[in-house]
K.L.:
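Here it is: the structure, laid out below.
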There are 2 protein chains.
Amino acid sequence: MFSKACEYGIRASVFIAEQSLLDRKVSLKDVAEAIESPAAYTSKILQRLSKSNIINSDKGPTGGFSMDKSELEKVKLSSIVYAIDGDNIYNGCGLGLKKCNADKPCPVHNQFKVIRDELKKMLETTSVKTLAIDFEKGLTFLRR
Amino acid sequence: MFSKACEYGIRASVFIAEQSLLDRKVSLKDVAEAIESPAAYTSKILQRLSKSNIINSDKGPTGGFSMDKSELEKVKLSSIVYAIDGDNIYNGCGLGLKKCNADKPCPVHNQFKVIRDELKKMLETTSVKTLAIDFEKGLTFLRR
DNA sequence: TAAATAGTGGACAAAATTATCCAATATAAA
DNA sequence: TTTATATTGGATAATTTTGTCCACTATTTA
């Protein structure tokens, strides 16, 4: 479905969001431990999220990663997925054809369109904030 | 969504099915040209489909790949996907957690479950035969 | 201003996926 | 039975994705 990088990206975002709700900045190490991911690789992913203005990163002592509490509910899963995996999930053909649309559809174009549209809607309506709140309550998990 | 191998596998199956409806066996070369895929790689994929009893393969002159017309509507997309990509699509966690279920769910477990179940249902109800018939009619395309 | 800390960016390495090549095998037809 | 044809299977290569390492920059604190 998503690349491993994107999976780490979503998990990291949920963790950073949750900690931000508690007014805590987190270090790369914190993130990697919380989501059980390779630290150096996670660093690259956080860089992308930072450049896409999804998370903040501050250097130096007392630095770390964070998200603005006030903007947290505006951040949807779709932004994270787009920042890391681009738009292949939405626009790419399910059978890998370069040109595939209603005019010249692949054999499963219509069947896939239904699924994709649902996936898209889900990603666009699910905010990181609600995921962070459930995680904070101990209802969901980011490792194992 | 699927691996490239799986995409080729589905496209190849639709082509082979369509040709089988016309009582024609097709060679590896035919398949590769019809679906615009690397022949040698496609060969490996057809081997898997053959071992999973989804397609027939006959060696020697007049040999080639084919599908039994009588069993064609029993072959669903789900069999092909399973033969090539396994069951990660259904059972794997959307965020890559090794253990993720209703008891210990990842943050997007429930949201993904809805999508997955729809995808699963779609794959399990879509037969290669109907896809082949639409392709035969010129309604759908396997290349470009 | 010096030292310690934390993220950045570039080069590099490992693993997985995708793709190629070719000798071997099976089979139909001459 | 020989020849031509078509798939098979194993080795190998290229590419992409995933993951690591390390010197550098920015920033806070003493």
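Note: hydrogens, waters and symmetry copies are ignored here, and every other heavy atom, side chains too, is used. This structure is a prediction, so every number in the text was calculated from the model and none was measured.
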K.L.:
Give the rounded distance in Å between these two atoms: CZ of A/Phe2 and P of D/dT18.
P.N.:
13 Å
K.L.:
Given C/dG7, D/dG19, D/dT7, which nucleotide is nearest the side-chain atoms of A/Tyr41?
P.N.:
D/dG19
K.L.:
So A/Lys51, base contact, sugar-phosphate only, or nothing? Heavy-atom distance under 4.0 Å.
P.N.:
sugar-phosphate
K.L.:
Kindly write out the residues that satisfy salt bridge (Lys or Arg N to Asp or Glu O under 4.0 Å) with B/Lys76, not counting sequence neighbours, or none if the list is empty.
P.N.:
none
K.L.:
For B/Lys59 and D/dA4, what is the distance between atoms NZ and C1' respectively, to the nearest whole Å?
P.N.:
15 Å
K.L.:
Is the centre of the B/Phe2 ring less than 6.0 Å from the centre of the A/Phe112 ring?
P.N.:
yes
K.L.:
D/dT18, OP1 or OP2 - any side-chain N/O from A/Tyr8 closer than 4.0 Å?
P.N.:
no
K.L.:
What nucleotide, of D/dG19, D/dT8, C/dA28, holds the atom closest to the side chain of B/Thr62?
P.N.:
C/dA28
K.L.:
Write down the distance between CG (B/Leu49) and P (D/dG9), rounded to a whole number of angstrom.
P.N.:
14 Å
K.L.:
Would you find a donor on one side and an acceptor on the other, under 3.5 Å apart, between the side chain of A/Asp85 and the backbone of A/Ser3?
P.N.:
yes
K.L.:
Respond yes when some side-chain nitrogen or oxygen of A/Ser57 is under 4.0 Å from OP1 or OP2 of C/dT8, and no when none is.
P.N.:
yes
K.L.:
Could you tell me the separation between the CD1 atom of B/Ile45 and the P atom of D/dG9, rounded to a whole number of Å?
P.N.:
15 Å
K.L.:
Just the rounded figure in Å: distance from P of D/dT18 to CD of A/Glu7.
P.N.:
8 Å
K.L.:
Could you check how far CG of B/Asp58 sits from C1' of C/dA29, rounded to whole Å?
P.N.:
16 Å
K.L.:
Does any donor-acceptor pair link the side chain of A/Gln47 with the base of C/dG9 at a separation under 3.5 Å?
P.N.:
yes
K.L.:
Can the positive tip of A/Lys4 be found less than 6.0 Å from the middle of the six-membered ring of A/Tyr8, inside 45° of the ring normal?
P.N.:
yes
K.L.:
What is the distance from CG of A/Asn56 to P of C/dA6, rounded to the nearest Å?
P.N.:
17 Å
K.L.:
Of A/Ser3 and A/Gly63, whose closest DNA chain D nucleotide lies nearer the 5' terminus?
P.N.:
A/Ser3
K.L.:
Going by salt bridge (charged side-chain N to carboxylate O under 4.0 Å, His left out), name the pairs with one or both residues in residues 127-144 of chain B, residues two or more places apart or in two chains.
P.N.:
B/Glu36-B/Arg143, B/Glu36-B/Arg144, B/Glu73-B/Lys129
K.L.:
In whole Å, I'd like the distance from the CG atom of A/Asp30 to the P atom of C/dG7.
P.N.:
8 Å
K.L.:
Any donor-acceptor pair, under 3.5 Å, between the side chain of A/Lys44 and the base of C/dG7, if you only look at N and O atoms?
P.N.:
no
K.L.:
Nearest heavy atom decides the nucleotide; on that basis, is A/Lys4 or B/Pro61 closer to the 5' end of DNA chain D?
P.N.:
B/Pro61
K.L.:
What does B/Val31 touch in the nucleic acid at a heavy-atom separation under 4.0 angstrom: a base, only the sugar-phosphate, or nothing?
P.N.:
nothing
